[in-house]
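Quantities reported herein were computed from a predicted structural model and do not represent experimental measurements.
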Amino acid sequence: MTRGRLRIYLGSAPGVGKTVAMLDEGRRRADRGTDVVVGIVETHGRPHTTRMVEGHEVIPRRVLDHRGSAVTEMDVDAILRRRPRVALVDELAHSNAPGSRNAKRWQDVDELLDAGIDVISTVNIQHLESLNDVTAQITGVRQRETVPDEFVRAADQVELVDMAPEALRRRLAHGNVYRAERIDAALSNYFRPGNLAALRELALLWLADRVEEGLARYRDDHRITGSWATRERIVVALTGGPESATVLRRGARIASRGAGGELHAVHVGLADGLAGSDLAEVARLKRLTEELGGRFHTVTGSSVAESILDFARGLNASQIVIGTSRRGRLSSLLRPSIGDSVVRDSGDIDVHMVTHELAGGQPRAHRPAPVAGLSPRRTVAGLLLGILGVVALTVALSLAGVQPGLPLTVQAYLVLTVVVALVGGLWPALLTAVVSSLTINWFFTPPVHTFTISSPENALALLAFVLVAGGVASVVHLNARRTAQAEAARAESDTLLELSHSLLSSDHQLQLLLDRSVELFGAQAAAVTKGRGRDRRVVQATQGWEEESRTADGAGACVIIAGWIVEQIDEEHDLVLTGAPTSARDRRLVAALAAHAGAVLARRQLQASASRSDALARDNRARVALLSGVSHDLRSPLAGIKAAIGSLRSSDVEFSEEDRAELMEAIETSTDRLDALIGNLLHASRLQLGSLSVAARAVDVAEIRPAVLEGVPDPDRIVWGVEPGTPAAWADSGLLERVVANLVENAVRHTPPSSPVLVQVSAVEDRVEIRVVDRGPGIPPEARERIFLPFQRYGDVPAGDGVGLGLAVARGLTEAMGGTLEAEDTPGGGLTMVVSLRRATPEEGA
């Protein structure tokens, strides 16, 4: 059976017209004779949408029972039995009620598609799974109903339903999106112009990326390798030299000239992996690329120019930016530069050659010293073998009873030269070849004992001998150097791989990196420093650093000593190794470690910045919540006090004594409420600032009962019980009174009026426990810690009933007295707050 086709109308926000567009498309197809049914459409009471549904065949919804309420969902079975050609299914990301055929509506749609039914559906950009976090940051609302991006990407058609933010806000203000009572809140929250503009941009960019993916598939299917400049993609080729930053910034300026331009930096490493740029410089270029809003890529290839062009064509780039060659004119004449090769073979891709200070034969950037092919010991051994071997071979051939011919003699000396090349490398082998040729000429080439050669064939034989010997020695020497370089590269990569794994699994990354540096290079100590000159300070160091840095001044400044290895990490930090006889071949690894240290420091800075941002965000939320709650809670008792006093001062009404007493009681109650609120705010601010003073003494918990009941509404509901023999608690009586009062007030608020609130005091081992028991709805275990946070209310408590500071203040004050405050289940239902304080000793109670 052929799978049905899916068409999705994508919108940036509710109300842009997705459902209307879907119904309009359904009407158009029905007018052409296509069998179209409405699987489900959510009109949300909008008259225009309701009118558009009229005339369509609507599949009746399935009725489900959910928690005693009847809910309706799309009847998938009914649609499958009806088997229309096209089904209209609104709100693709909708979550179905429990008991439905599938958990999500997109799964219902997938089932209809499998049955061969075409589906037209709608979805908003904020419901895509990959963008859920982004849209939550923009709007402040996290969408719980999402649809996988893969499902939407697999649609045969995705059409954007677009509307300018101003037009959408007008629709909302006219009542075409939400009911009248929701308009003001929506305009000032979710539907702010900035939110709508950001969501619109997300929808446009997401759809543009899908179009780009389709274009890439089309080019691959039709084997199109040429560049189609559908979007400005700028590829900047970087060598890793000092001119790379200049070239990269130039490419960024070119990319920023056009809307939607993309910046891609590419660094090409040779396929043999034996030579490359400084790793620290490459890391710095990567960070610079990211700061400029681009993407950094590393590719390998045998030809740098071909690799750059292959990368640009694969990316469908429109322009390549490359720096002019640092080689001189003579070198460029002998071998074309990378830029010349790229220009020659670029085809329809534009190439920009950027000049810089090092162009045209200026001094090259520092490169790591080449790895030596053979050790000095082997070179000396080769020299001795060459000299002694020539002497020994000459004596042996001279004393032989039968003189060999010149060809055999040349072959014997050639074998000796090859052996010397294997042992000592190029220069001992070349010396052996020269000495051997002179020896052959003197002793074995007629006329002997002269350097004159009578036969041209003998002269050619000697010349061929020298050339072959030199060539063999060069090959052997080059192979030895390549082998040594390969071993060094492998050791370096193994070291970096091990270090990377260790850093990922360590909580002390910088210290681990320094310790590993000491082990690798046999250094006495290592440190990361910050600053320059006398302002240089040690950020972190290994053991032994103090002994090595005796020249540090009393203020902690670090003075660099001659001979220490200093590798720059970034503009402010350096990696310093003391007592390390690091060779030139190891400096590349030191640079790599410095790059790792830079990444660790950058991560530290980001974590610190994130922590500060979180703290600022929490403080801002706290301030907002505080102002919101306090403004209401202060206004309510003040309004009550003002109304009661106004009534008492009025001369128009004659109040009875009972009425006057009632008004006076209202003033007193409001004043007590205001006093409790201000007390909680003061305690909260002192706890936050750490300025709370605790005057602890032995306190009999029963003595705080009158003060607690005095400030609690409906004190007759409080049942206070103290277990006989309960000792005194070590606490501050004033703070303990506030703690218990807050807990009792919270319990009264959540306990039904017909049930009492129990306060039980008892001794448990070396502690005194105060248990405040309510018979309210209770709190699940996972939510208990949250109720102790400032400005938190739980359950159905009215928004203006307290600012949510009571429990937070109670826990803070309890902990300030050295105690604990925890929440437990009340047997039979409810919540029990348990205050645990240290028992006062007899000496303290005396």
Side-chain angles (χ1 to χ4, degrees), residues 1-11 14-15 17-124 127-129 143-148 150-152 154-159 161:
M1 179 182 297
T2 303
R3 181 176 168 87
R5 296 176 62 83
L6 174 62
R7 179 170 183 171
I8 296 176
Y9 286 98
L10 175 69
K18 304 180 303 299
T19 304
V20 171
M22 178 188 70
L23 292 170
D24 188 59
E25 176 64 17
R27 174 67 62 193
R28 188 179 64 83
R29 296 194 184 192
D31 292 342
R32 293 187 310 184
T34 305
D35 185 11
V36 180
V37 301
V38 173
I40 189 167
V41 168
E42 304 292 351
T43 63
H44 299 290
R46 300 167 187 165
H48 181 65
T49 307
T50 304
R51 287 193 299 270
M52 292 196 67
V53 176
E54 296 175 357
H56 283 290
E57 179 183 350
V58 180
I59 301 297
R61 301 189 183 192
R62 182 184 180 188
V63 180
L64 300 171
D65 178 72
H66 179 54
R67 296 181 180 179
S69 301
V71 296
T72 60
E73 296 290 355
M74 183 174 68
D75 194 338
V76 180
D77 293 326
I79 298 175
L80 292 175
R81 289 193 299 269
R82 172 64 175 76
R83 296 196 63 80
R85 185 71 188 90
V86 178
L88 307 182
V89 180
D90 202 9
E91 297 188 359
L92 186 63
H94 173 76
S95 296
N96 294 329
S100 300
R101 185 185 184 94
N102 296 301
K104 298 287 187 177
R105 185 168 291 171
W106 67 265
Q107 295 172 324
D108 295 338
V109 170
D110 194 39
E111 194 169 344
L112 297 178
L113 295 172
D114 286 338
I117 301 173
D118 293 347
V119 176
I120 304 176
S121 188
T122 65
V123 71
N124 280 330
H127 292 293
L128 296 182
E129 183 64 44
Q143 300 294 335
R144 299 186 180 275
E145 296 181 329
T146 60
V147 59
E150 292 77 10
F151 186 78
V152 180
D156 298 277
Q157 285 182 272
V158 179
E159 183 175 333
V161 181

### Message
For L128 and T146: C-alpha separation, side-chain torsions, deciding distance, then whether side chain to side chain contact (heavy atoms under 4.5 Å, CB included) applies.
### Response
CA-CA 6 Å; L128 296 182; T146 60; over 6 Å; no
### Query
Is there side-chain contact between I40 and R61, with heavy atoms separated by less than 4.5 Å?
yes
### Query
Does T122 reach the main-chain N or O of Y9 with its side chain, forming a donor-acceptor pair under 3.5 Å?
no
### Task
Carefully, step by step, assess E54 and R51 under the rule salt bridge (Lys or Arg N to Asp or Glu O under 4.0 Å).
CA-CA 5 Å; E54 296 175 357; R51 287 193 299 270; over 6 Å; no
### Message
Using a 3.5 Å distance criterion without hydrogens, assess whether the side chain of R105 forms a donor-acceptor pair with backbone atoms of D90.
### Response
yes
### Query
Can you tell if the side chain of V123 reaches within under 4.5 Å of the side chain of W106, non-hydrogen atoms only?
no
### Summary
Minimal heavy-atom distance between S121 and L92, with the atoms involved, is OG-CB, 3.4 Å
### Task
Going by the side-chain hydrogen bond (donor to acceptor under 3.5 Å, both in side chains) test, name the single residue among H127, E42, E73 that passes it with H94.
E73
### Message
I need the E150 CD to E129 CD distance, nearest 0.5 Å.
### Response
9.0 Å
### Query
From N96 CG over to E145 CD, what is the distance, rounded to the nearest 0.5 angstrom?
9.0 Å
### Task
May I ask you to decide if L6's main-chain N or O and D156's side chain share a donor-acceptor pair within less than 3.5 Å?
yes
### Query
Can you name the closest pair of heavy atoms from L64 and P98 and give their distance?
CD1-O, 4.2 Å
### Query
Who pairs with D65 by salt bridge (Lys or Arg N to Asp or Glu O under 4.0 Å), at least two apart in sequence or on another chain?
none
### Task
Return the minimal non-hydrogen interatomic distance between I79 and A87, and the atom names on each side.
CG2-CB, 4.5 Å
### Query
What salt bridge (charged side-chain N to carboxylate O under 4.0 Å, His left out) pairs are there with at least one residue in residues 108-118, not counting sequence neighbours?
R3-D110, R3-D114, R85-D118, R101-E111
### Task
Check R82, R29, R83 against D35 for a side-chain hydrogen bond (donor to acceptor under 3.5 Å, both in side chains) and give me the one that passes.
R82
### Side-chain donor/acceptor of S95 to backbone N/O of K104, under 3.5 Å
no
### Query
Does T50 use its side chain to pair, donor to acceptor, with the backbone of R46 at less than 3.5 Å?
yes
### Summary
For A115 and L80 the tightest heavy-atom approach is CB-CD2, 3.6 Å
